[in-house]
Amino acid sequence: MLRMSTLFLRTLREDPSDAEVPSHKLLVRAGYIRRVAPGVFTWLPLGYAVYRNVEHIVRSEMNAAGFQEVHFPALLPREPYELTNRWTEYGDTLFRLQDRKGADYLLGPTHEEMFTLLVKGEYSSYKDLPISLYQIQSKFRDEARPRAGILRGREFVMKDSYSFDIDDAGLQISYDKHRQAYIATFARLGLEFVIVSAMSGAMGGSASEEFLAPTPVGEDTFVRCPSCAYAANVEAVTTVAPLSINASGVPATHKERTPASGTIEALVSYSNRDFTREDRPWSAADTLKNVIFMVDGPDGSQSALAIGVPGDREIDMKRLEALLQPSEARPFEDADFVKFPSLVKGYIGPNELGAQSASGIRYLVDPRVVDGSRWITGADEAAHHFYDFVAGRDFTADGIIDVAEVRAGDACPNCGAGFEIERGIEIGHIFQLGRKYAEAVGLKVLDEHGELITVTMGSYGIGVSRAVAAIAEQSHDDKGLIWPREVAPADVHLIAAGKDEALFMAAERLGSELESVGVRVLYDDRTSVSPGVKFNDSELIGIPTIVIVGKRLADGFVEVKNRRTGERRDIALEDVVNEMRILNER
RNA sequence: CGGGGUGUAGCGUAGUGGCUAGCGCGUCUGCUUUGGGAGCAGAAGACCGCAGGUUCGAGUCCUGUCACCCCGACCA
């Protein structure tokens, strides 16, 4: 029985000034966590109890799925990460350190290399596979900007699993088992979640899905179709290309002088004044905006890339980066323009783009730029635009790229309905890694023909510490936290409300009885604290059931309050233990 | 790393260049109080982020520096 009189706990009446999101504010105010350094937190007794409950649920579901737990060090040598090139590729996000001899070490940001090497060291036959191993470990990432308290720290706990199979079919089975285990885990954690596609096909088609907990403070944006099951991270949304259009009636293209048309908006209004089209007014979606990027490859190479999108949409850098990985893109700067004299900044058009053009810059367009679509676009001359510039007739791009911003109402690729946009916290990620790491470290086994084959892998993560914050984020009100029972630090928050000694004795006895039948109790046995303080603390702390031993005790009753609904009931003292036990069994 | 902001007691904060840096919460002592963050009386607790400078005088002005927070780019 946890006793408030001795519990290491100090609740705060005011929000900490450095906290922004509800989970951070409440976890600090309720005395669950304290900050040690940016993105680094200490778990206090109540917080650690919740954390351990979450960890326990994760572990038990992993074990139930037949995965085996191992535990790597957090402190790792450099060499394994050299094999996969991640010692350098990981960049500044990697915490590096040296031992006294000057040898390089790192604090593990994720453990693909270690798991792969471990299996390589032990197994060498197809008969040993499949196998799935996992660990629950502190991970370290020197994030450029930790934020939102526990939601995005530099030290955090992650459950990471890796599956090892001899072929794609086996990998699919391992992947599906993890998917099922994750569904069971998050359901038990009391989290509302959505499974979204996380990668576009352009990356090579390996399956990857994210488990997102919808909340306004989530860092991931995803789309969800209200009329079918489709859900995807914005990075993975595929745009439905319209059918090609018959452009036989479109006038021949013509170049016009368009002064003061520096912005799309200005161009559209100018066009509607001086170059009206026959059927309807021009809109921003009729302009073709061409943006040039410099793409830095992982090997240090640089190449320019031109992207054409309808003028009513921006290019979504996240989508672009996701598609280009591991290369990185940045908008063209003046210094880059100097190298391409045929480009007129602000008036770049398809004529000067593409492999065949003078610039030679690869030119990719949005899927909406179908054959027969009719555009206003740059004429590669200051203050001039082409009108009635038709795709397939007047220009041809080198290919399609789907990186324009995604908007609510855009068509679902599955059923065509307009989808909705929401935000969510990434609480889990399952991913068919394939043979990348196995190849890098040489993980091969003999198959039934005695041939060496490279193992194929899956990698699966759950943010354990993050899940605590995600639950807090989804489950609180203006008074405080509201824990789902299975993760709550106790089942019952027992309050002695009053000063009568008999009342404390009755509460004490009730607490013991509850504990004896397996009900976890947090007992507010403080004698010098007024009932109001106790009530407020109980609501802040967020244990699902609050039992008040107070003024109704004289009639043989205690009050039982549901933290979530606020519903209160008077229950006869002798029935409480039974009631609580039933409640606990659900 | 780009942009914005803030550093005053454990927490939240006030402080036109001028006396001993103020208030609330929390903490301690005593008395009172006990169904919605109690009252009275007293007490402890601050190198005003750090380093320079201007000035008779700096929490306040200037320069530098560090730290932290927020918005972006990056991620469980």
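Chain letters run A, B, ... following the sequence lines, proteins first, then strands; residues in each count from 1. Heavy atoms only: backbone and side chains are in, while hydrogens, waters and symmetry mates are out.
- Considering only residues two or more places apart in sequence or on other chains, A181(A) meets the side chain to side chain contact (heavy atoms under 4.5 Å, CB included) condition with M62(A), A65(A), F67(A).
- Residue V529(A) is in base contact, counting any heavy-atom pair closer than 4.0 Å across all strands shown.
- Note on G153(A): a base of the nucleic acid sits closer than 4.0 angstrom, heavy atoms only.
- Separation of the C1' atoms belonging to G59(B) and G17(B) is 11 Å when rounded to the nearest angstrom.
- Nucleotides A76(B) and C69(B) are separated by 23 Å at their C1' atoms, to the nearest Å.
- For M158(A) and A76(B), the CE to P distance is 7 Å, given to the nearest whole Å.
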Between the protein and nucleotides 36-41 of chain B, list the N/O to N/O atom pairs that are separated by less than 3.5 angstrom.
{"from": "G36(B)", "atom 1": "O6", "to": "K561(A)", "atom 2": "NZ", "distance (Å)": "3.2"}
{"from": "G36(B)", "atom 1": "O6", "to": "R568(A)", "atom 2": "NH2", "distance (Å)": "2.4"}
{"from": "G36(B)", "atom 1": "N1", "to": "E539(A)", "atom 2": "OE2", "distance (Å)": "3.2"}
{"from": "G36(B)", "atom 1": "N2", "to": "N536(A)", "atom 2": "OD1", "distance (Å)": "3.1"}
{"from": "G36(B)", "atom 1": "N2", "to": "E539(A)", "atom 2": "OE1", "distance (Å)": "2.2"}
{"from": "G36(B)", "atom 1": "N2", "to": "E539(A)", "atom 2": "OE2", "distance (Å)": "3.3"}
{"from": "G37(B)", "atom 1": "O4'", "to": "N536(A)", "atom 2": "ND2", "distance (Å)": "3.0"}
{"from": "G37(B)", "atom 1": "O2'", "to": "R13(A)", "atom 2": "NH1", "distance (Å)": "2.2"}
{"from": "G37(B)", "atom 1": "O2'", "to": "R13(A)", "atom 2": "NH2", "distance (Å)": "2.7"}
{"from": "G37(B)", "atom 1": "O6", "to": "R29(A)", "atom 2": "NH2", "distance (Å)": "3.3"}
{"from": "G37(B)", "atom 1": "N1", "to": "D537(A)", "atom 2": "OD1", "distance (Å)": "3.4"}
{"from": "G37(B)", "atom 1": "N2", "to": "D537(A)", "atom 2": "OD1", "distance (Å)": "3.1"}
{"from": "A38(B)", "atom 1": "OP2", "to": "S530(A)", "atom 2": "OG", "distance (Å)": "3.2"}

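- Both K499(A) and G39(A) lie near RNA chain B, and the one whose nearest nucleotide falls closer to the 5' end is K499(A).
- In this structure, G24(B) forms a base pair with C11(B), meeting either the Watson-Crick or the G-U wobble geometry with both donor-acceptor distances under 3.5 Å.
- For E20(A) and G72(B), the CD to C1' distance is 15 Å, given to the nearest whole Å.
- A cation-pi geometry, defined here as NZ or CZ lying under 6.0 Å from the six-membered ring centre and within 45° of its normal, holds between R96(A) and W87(A).
- Residue I427(A) is in sugar-phosphate contact alone, with no base atom involved, counting any heavy-atom pair closer than 4.0 Å across all strands shown.
- Comparing the same atom, C1', in C23(B) and in G15(B) gives a spacing of 10 Å after rounding to whole Å.
- The residue R152(A) sits close to a base: some heavy atom pair falls under 4.0 Å.
- By the 4.5 Å heavy-atom criterion applied to side chains, E473(A) and V217(A) are counted as neighbours.
- In this structure, N233(A) places its CG atom 14 Å from C1' of A76(B), rounding to the nearest Å.
- Take A30(A) and apply the side chain to side chain contact (heavy atoms under 4.5 Å, CB included) test, not counting sequence neighbours, and it matches Y32(A), L481(A), L540(A).
- Taking atom CG of residue D15(A) and atom P of nucleotide C70(B), one finds them 14 Å apart after rounding to whole Å.
- One cannot find a donor-acceptor pair under 3.5 Å joining the base of C75(B) and the side-chain atoms of R147(A).
- Using atom C1' as the reference point in both U54(B) and U63(B), the two lie 10 Å apart (nearest Å).
- Comparing U6(B) with U60(B), their P atoms are spaced 15 Å from each other, to the whole Å.
- Contacts of E426(A) with the nucleic acid, taken as non-hydrogen atoms under 4.0 Å apart, involve only primed sugar atoms and P, OP1 or OP2.
- A donor-acceptor contact shorter than 3.5 Å links the side chain of S465(A) to the backbone of V157(A).
- Comparing the P positions of C68(B) and A44(B) gives an interatomic distance of 34 Å, to the nearest angstrom.
- For the C1' atoms, the distance linking G72(B) with C11(B) amounts to 30 Å, nearest Å.
- As rounded to whole Å, 14 Å separates atom C1' of U33(B) from atom NZ of K534(A).
- Atoms CG (D220(A)) and P (A73(B)) sit 12 Å apart, rounded to a whole Å.
- For T116(A) and Y162(A), the side-chain atoms include no donor-acceptor pair closer than 3.5 Å.
- Whole-Å rounding puts the L107(A) CG to C75(B) C1' distance at 17 Å.
- Salt bridge annotation for R552(A)-E559(A): absent, with no cationic side-chain nitrogen under 4.0 angstrom from a carboxylate oxygen.
- Base pairing analysis places U16(B) opposite nothing; no Watson-Crick or G-U wobble pair with both distances below 3.5 Å involves it.
- Within the nucleic acid shown, G461(A) has no heavy atom closer than 4.0 Å to any nucleic acid atom.
- When Watson-Crick and G-U wobble pairs are counted only if both distances are under 3.5 Å, C74(B) pairs with no nucleotide at all.
- Ion pairing of D500(A) with K551(A) is absent here, as no side-chain N (NZ or NE/NH1/NH2) approaches a carboxylate O to less than 4.0 Å.
- Base pairing analysis places G57(B) opposite nothing; no Watson-Crick or G-U wobble pair with both distances below 3.5 Å involves it.
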Is there a ring pair (Phe, Tyr, Trp, His ring centres under 6.0 Å) between F115(A) and Y437(A)? Walk through the geometry before answering. CA-CA 10 Å; F115(A) 275 88; Y437(A) 289 90; over 10 Å; no

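- Using a distance-only test at 3.5 Å, with no hydrogens or angles considered, a donor-acceptor pair links the side chain of R154(A) to the main chain of P38(A).
- Map P38(A) and R154(A) each onto its nearest nucleotide of RNA chain B; the residue landing nearer the 5' end is P38(A).
- Nucleotide C47(B): unpaired (no Watson-Crick or G-U wobble partner with both distances less than 3.5 Å).
- Nucleotide G30(B) has C40(B) as its partner under the Watson-Crick or G-U criteria, with both atom distances under 3.5 Å.
- Rounded to the nearest Å, the gap between the C1' atom of A58(B) and that of C47(B) is 14 Å.
- Considering only side-chain N and O atoms, T93(A) lies nowhere under 4.0 angstrom from the phosphate OP1 or OP2 of C75(B).
- Atom CD in E501(A) sits roughly 16 Å away from atom P in U34(B) (whole-Å rounding).
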